[in-house]
Amino acid sequence: MHSHPHYSQSAIHELVRAYPLLKPLMALKPVTWFNPERQPLERALAGVNLTADDVADAAERLGRFAPYFRAVFPDTRALNGLLESPLQAIPAMQRAMDVRHEQPLAGTLLLKRDDLLPVSGSIKARGGIYEVLQHAEKLALKAGLLHLDDDYAKLDSDEFRAFFGRYSVAVGSTGNLGLSIGMISARLGFKVSVHMSADAREWKKALLRHHGVKVVEYRSDYSVAVAEGRAQAQNDPYCHFVDDENSVQLFLGYAVAGQRLKAQLEQQDIKVDREHPLFVYLPCGVGGGPGGVAFGLKLAFGDAVHCVFAEPTHSPCMLLGAYTGLHDAISVQDLGIDNITAADGLAVGRPSGFVGRVMTPMLDGFYTLPDEQLFSLLALLARQENIYLEPSALAGMPGPWRVEGEEQGYRERMGLTQARLSRAHHLVWATGGGMVPKEEMAHYLAAGAAAE
Ligand SMILES: *Cc1c(COP(=O)(O)O)cnc(C)c1O
């Protein structure tokens, strides 16, 4: 299926000579890399066969399903059946971070609350749910059971559950994707199995089983769970495999966030243009979530938005792939990095090649941070703002101060003058935490207090 090159000791030596940042990366030190080859959007889009029309099509599809969500998930009614999250300023956190970094941030710190997304409490409610809806719609349209102008609330019926029950959905996941796919698939009536890696939390497995999802557990890491799930699905024509590493549908589901955020910023009278830059910091695992969201943001704001990806020091797969240009032809394990992190969803050793190739020319930079910092930021945010996130969701938080303190000539290159930076908004994408049980959160807070 996928075969990956093996690197000899001397090949790794050569690589480290050519790419000096690999040395601190392999020593698990926090690294920041600003992409010297970021392209103007128009040029970056030239080689991409996804367009604004594809994203608009996804947004329309989600609109068609809104009556179904209103009927089935009561917490989506406030937003008329759309799955969207609040955007808020976090001034107390901004002040506390200024003190921690001994460096005041010139612009304004914002938090995108995907931890509050309905159904699964994480960013995966965007792409994961979208892909299942897209698949369900396709099946029902083809069978003549559904028409594009129907009221999709009719999907909440025994007739449709029986229909979808003839099909199955499978996914390999470290947790949150499985949660999103599992919840929506089971609700629609699909048979659904989630192939989970060893690092997946017990409470996520228990919750899924409670909702009638088949959970298959593996002793190895995420890529093995994905490969096994993919192999099993391949032998079954009635099974749809959600391929986190390569899925265009997932990507488009995430990308819908771009226009949604644009509307939210307008509502809050926040300007975004060359004179008022927007920075967005996204935690990155395999890349689909941050990649899709960043794609949507680039389409919505063009070159005025600056996207930066954040990863744990033990799982810097996207930085590694983008920086060396090897993308999915190299894994962190090839460099002897262990891919062990407490940040669920970010414990990925090999990035999506599709996302890496499409998105690297549009991204401003990448950085890594240690797990202890994730925990200490988790505790700080809880204290300052009374907001409770899961560790992964804090990865974007130090980003603004990495930009503020950088010495790689990035700000000059991008025309980010002090005047512009003083008008900037720095948006940290809080990717999850809404479903974390109380006892688990207490452990996180204790770990955070110990790390502070
Ligand atoms: C999955 C996940 C991410 C990263 O998304 P990828 O598509 O794997 O890059 C970030 N944060 C949380 C909480 C996640 O669950």
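Nothing fancy with the numbering, it's 1 onward along the sequence. In what follows, every heavy atom counts, from backbone to side chain, and hydrogens, waters and symmetry copies are set aside. Atoms within each ligand, like the ligands themselves, are counted from 1 in listed order.
With a 4.5 Å cut-off on side-chain heavy atoms, Arg38 and Leu363 do not count as touching.
Cation-pi geometry between Arg187 and Phe73 is met: the NZ or CZ atom falls under 6.0 Å from the ring centre, inside 45° of the normal.
In this structure, Tyr410 and His306 have perpendicular ring planes: the angle between them is above 60°, well past the 30° mark. Under the 30°/60° scheme for interplanar angles, the aromatic rings of Tyr444 and Phe375 are found to be tilted. Using cut-offs of 30° and 60° for the angle between ring planes, the His135 and His240 rings count as parallel. Using a 30° and 60° split on the angle between ring planes, His426 and Phe279 fall in the parallel class, below 30°. Between Phe65 and Tyr152, the ring planes are perpendicular. Angles over 60° get that label, and only those under 30° would be called parallel.
Considering only non-hydrogen protein atoms, atom 12 (C) of ligand 1 sits nearest to Thr431 OG1, 3.4 Å. In this structure, the protein non-hydrogen atom closest to atom 4 (C) of ligand 1 is Gly285 N, 3.5 Å. With respect to atom 14 (C) of ligand 1, the closest heavy atom belonging to the protein is Lys124 NZ, 2.8 Å. When only non-hydrogen protein atoms are considered, atom 5 (O) of ligand 1 lies nearest to Pro290 CD, 3.6 Å.
At a heavy-atom cutoff of 4.0 Å, ligand 1 is contacted by the side chain of Asn176 but not by its backbone.
Geometrically, ligand 1 and Glu390 share no nitrogen or oxygen pair separated by less than 3.5 Å. Taking distance alone, with nitrogen or oxygen atoms compared against 3.5 Å, Val286 approaches ligand 1 more closely than that limit.
Distances from atom 9 (O) of ligand 1 to the heavy atoms of Gly289, Pro283, Ala393, Gly287 show the closest one on Gly287.
The closest approach between Leu346 and ligand 1 falls below 4.0 Å for a heavy atom of the residue.
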